Amino acid sequence: MGCVFGREAAAPTPHPASAATGASRADGGKGKERGREVERSRSSLSGRKSQVTSTRIDAGFGVPKASRVEGRDKDKDGDGEEAGSGRSGPLQQQRVERRRAKPNPRQSNPPKHVYGEQVAAGWPSWLSQVAGEAIKGWTPRRADTFEKIAKIGQGTYSNVYKARDILTGKIVALKKVRFDNLEPESVKFMAREILILRRLDHPNVVKLEGLVTSRMSCSLYLVFEYMEHDLAGLAASPEIKFTEPQVKCYMHQLLSGLEHCHNRGVLHRDIKGSNLLLDNGGILKIADFGLATFFDPDRKRPMTSRVVTLWYRSPELLLGATDYGVGVDLWSAGCILAELLAGKPIMPGRNEVEQLHKIFKLCGSPSEEYWKKSRLPHATMFKPQRTYKRCIAETFKDFPPPSMPLIETLLAIDPAERQTASAALKSEFFTTKPYACDPSSLPQYPPSKEMDAKLRDEEARRLRAASGRINGDGAKKTRTRDRAPRAVPAPEANAELQANIDRRRLITHANAKSKSEKFPPPHQDGAPGFALGSSHIDASFIPPDASFSTVFPYQKGGQPITTWSGPLVEPNAAVHLRRKKPGSHASKEIQNDSSLRNR
Ligand SMILES: Nc1ncnc2c1ncn2[C@@H]1O[C@H](COP(=O)(O)OP(=O)(O)OP(=O)(O)O)[C@@H](O)[C@H]1O
């Protein structure tokens with residue numbers, strides 16, 4: 001953590017009631033089950049200074065609370081209801097107290113005393129101010145209780161490290177969240193990810209085990225269980241061809257994880273191979289909840305349509321829907337199922353327009369009734385002039401027959417027809433032989449992360465460039481030929497507000513040297529000609545292959561296209577944007593990250 005300015009001071013024992021509130025609410029009601037841990041953590045918190053290095057994950061994280069004090073906590077939380085009702089004293093004083101206790105809904109910050117307790121417990125004030133709810137009831141781990149082993153992943157908003165927990169010896173993944181100068185907006189998005197992760201508890205959903213920071217730190221690490229592989233990396237490996245029972249095994253786990261998320265009111269909104277992590281025991285876990293959101297089908301509110309990596313994005317999102325539901329994740333799951341069986345991505349569009357045409361070409365263009373019913377913002381602009389007939393059955397005629405009804409359902413144009421993850425789990429795909437294999441029977445694969453594939457590609461490219469120079473051949477030419485599309489999630493997607501999107505772009509653009517991998521500059525965001533802040537689809541941009549060949553450019557085992565995740569921008573541009581110069585800020589980050597002990 002780059003900027004630890006000083007040592008933590010002794011922290012007083014936190015107010016028991018505030019700790020209780022945090023766990024019982026943010027934990028989605030799991031507080032009671034964890035009552036015993038609370039007691040342990042309370043005793044560890046008192047006298048923090050002398051015990052700081054013995055703060056253990058099991059004691060310090062997810063500290064819940066006794067639910068018996070919840071009513072009182074509500075009051076302390078500042079909802080005002082109970083604070084005023086039973087209190088004596090001058091009216092004026094009551095009002096002042098109520099105002100003081102009331103959290104600022106814009107900042108979702110905690111009332112003052114909770115803020116004070118969080119800071120005393122070791123949280124930095126910038127985090128407590130903006131993300132008080134997300135850290136409620138937890139205490140931070142210190143960076144020097146982890147030993148960094150290697151950088152293992154890089155996402156749009158984070159770098160991920162493999163590390164050893166010195167206190168337990170356990171290998172973990174530390175996701176270091178990048179902030180734009182601690183911009184409250186960036187911190188809020190991270191807070192949402194933490195809140196969502198804390199609500200989820202399922203074997204097929206990655207578990208947030210804690211947070212690493214300190215009072216004087218300006219960075220934050222999310223601690224996760226370590227997962228050896230991701231599905232994108234495995235699937236891109238030319239040596240690996242999944243059998244039908246293996247595909248069923250992965251899909252069953254994916255749908256079980258999704259079922260849990262949806263039942264807990266969470267939409268993932270970025271299901272793709274690189275976000276499906278696998279451990280050496282064959283267990284699949286849905287990861288990366290950076291774009292996830294809470295949703296309530298009974299209390300709809302508009303959501304951004306600019307989510308999900310392009311190749312896995314549903315037609316309603318591409319058409320600008322702001323009122324959507326579980327169907328967006330089920331569509332992505334359908335793309336992954338077909339991809340696992342085909343051995344290649346099924347709809348690798350290069351921009352939104354092309355993506356939509358690929359969808360219509362394979363899944364048929366929407367019916368008149370659907371256009372009328374859906375009233376999607378971009379419907380008139382993108383209604384194809386000709387009608388496409390659905391041809392999933394013909395295209396995938398070699399797939400095992402019981403997979404077809406499930407693929408047809410998940411890839412329905414109308415989201416209502418996609419049903420639910422629970423329904424998918426009951427489909428004949430899972431109830432007919434050959435059944436899903438047991439995860440423990442899956443082969444143990446060599447390192448195969450998207451990052452590993454990227455490093456392999458880069459090394460190969462470097463070697464080819466070097467040999468090209470020796471042969472008098474231009475390295476530039478070699479690079480162009482070998483460029484592969486890489487995972488470029490919707491760069492503006494982690495934002496519900498266009499203003500925020502634009503601000504992030506401006507900040508990023510201004511810091512282009514150090515953040516070049518984060519967002520494409522505005523003029524390259526989406527396909528050429530897309531205006532910043534305007535609709536993300538421009539009908540006037542028709543790609544050269546708008547007539548849409550069904551021949552997929554991806555060839556596993558052929559040219560080195562090594563990822564399953566689709567670009568938002570033109571592939572060559574994407575590679576360029578994400579490549580970091582040696583010695584750039586980001587590449588130096590690991591070396592400079594002195595608060596994590598290097599091996
Ligand atoms: N628990 C984990 N164990 C091992 N590797 C992990 C873990 N979590 C993440 N990674 C690796 O780090 C990469 C980036 O992580 P993650 O997707 O969470 O970050 P992000 O910034 O949100 O990424 P994206 O740009 O894809 O949205 C993953 O693709 C994965 O390879």
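Read the numbers this way: they start at 1 and go in the same order the structure lists the ligands and their atoms. As the structure is a computational prediction, the values presented were derived from the model and not from experiment. Along the sequence shown, the residues carry numbers beginning at 1.
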Quick test of your reading of the structure: of Leu278, Leu231, Leu277, Val223, whose heavy atom lies closest to atom 30 (C) of ligand 1? Leu277
Min N/O separation Val206 to ligand 1 under 3.5 Å: no
With salt bridge (charged side-chain N to carboxylate O under 4.0 Å, His left out) as the criterion, how do Lys188 and Glu183 come out once you've worked through the C-alpha distance, each side chain's angles and the decisive distance to 0.1 Å? CA-CA 9 Å; Lys188 264 198 254 173; Glu183 265 265 302; over 6 Å; no
Where Ala191 and Ala134 come nearest, the two heavy atoms and their spacing: O-CB, 3.6 Å
Within the structure provided, determine whether Tyr324 and Phe295 are in side-chain contact (heavy-atom separation under 4.5 Å). no
Going by the angle between their ring planes, with limits at 30° and 60°, are Tyr445 and Phe242 parallel, tilted or perpendicular? perpendicular
Could you tell me which atoms of ligand 1, counted from 1 in the order shown, lie closer than 4.0 angstrom to a heavy atom of Tyr226? 3 (N), 4 (C)
For Gly153, the atoms of ligand 1 under 4.0 Å from one of its heavy atoms are 12 (O), 13 (C)
Those atoms of ligand 1 less than 4.0 Å from some heavy atom in Asp230: 31 (O)
Phe224: numbered ligand 1 atoms lying under 4.0 Å from its heavy atoms: 1 (N)
Is Ser274 close to ligand 1, meaning an N/O of one under 3.5 Å from an N/O of the other? yes
If we ignore angles and hydrogens, is there a donor and acceptor under 3.5 Å between the side chains of Arg269 and Thr309? no
Atom indices of ligand 1 within 4.0 angstrom of Ile152 heavy atoms, with elements: 4 (C), 5 (N)
When you look for heavy atoms under 4.0 Å from ligand 1, do you find them on the side chain of Asn275, its backbone, both, or neither? side chain
Report the residues that fulfil salt bridge (Lys or Arg N to Asp or Glu O under 4.0 Å) with Lys170, sequence neighbours left out, ordered by chain and then residue number. Glu209
State if Gly290 counts as touching ligand 1 under the rule of any non-hydrogen atom under 4.0 Å. no
Under 4.0 Å between heavy atoms, the region of Ala173 that gets near ligand 1 turns out to be side chain
Are side-chain heavy atoms of Leu254 and Asn204 found at a separation under 4.5 Å? no
So do the side chains of Thr213 and Arg142 get within less than 4.5 Å of each other, counting heavy atoms only? no
Taking side-chain hydrogen bond (donor to acceptor under 3.5 Å, both in side chains) as the definition, give me every residue that meets it alongside Asn263, ordered by chain and number, with sequence neighbours left out. none
Does ligand 1 have any atom sitting under 4.0 Å from a heavy atom of Lys272? yes
Test of understanding: given a 4.0 Å heavy-atom threshold, classify the contact between Glu225 and ligand 1 as side chain, backbone, both, or neither. backbone
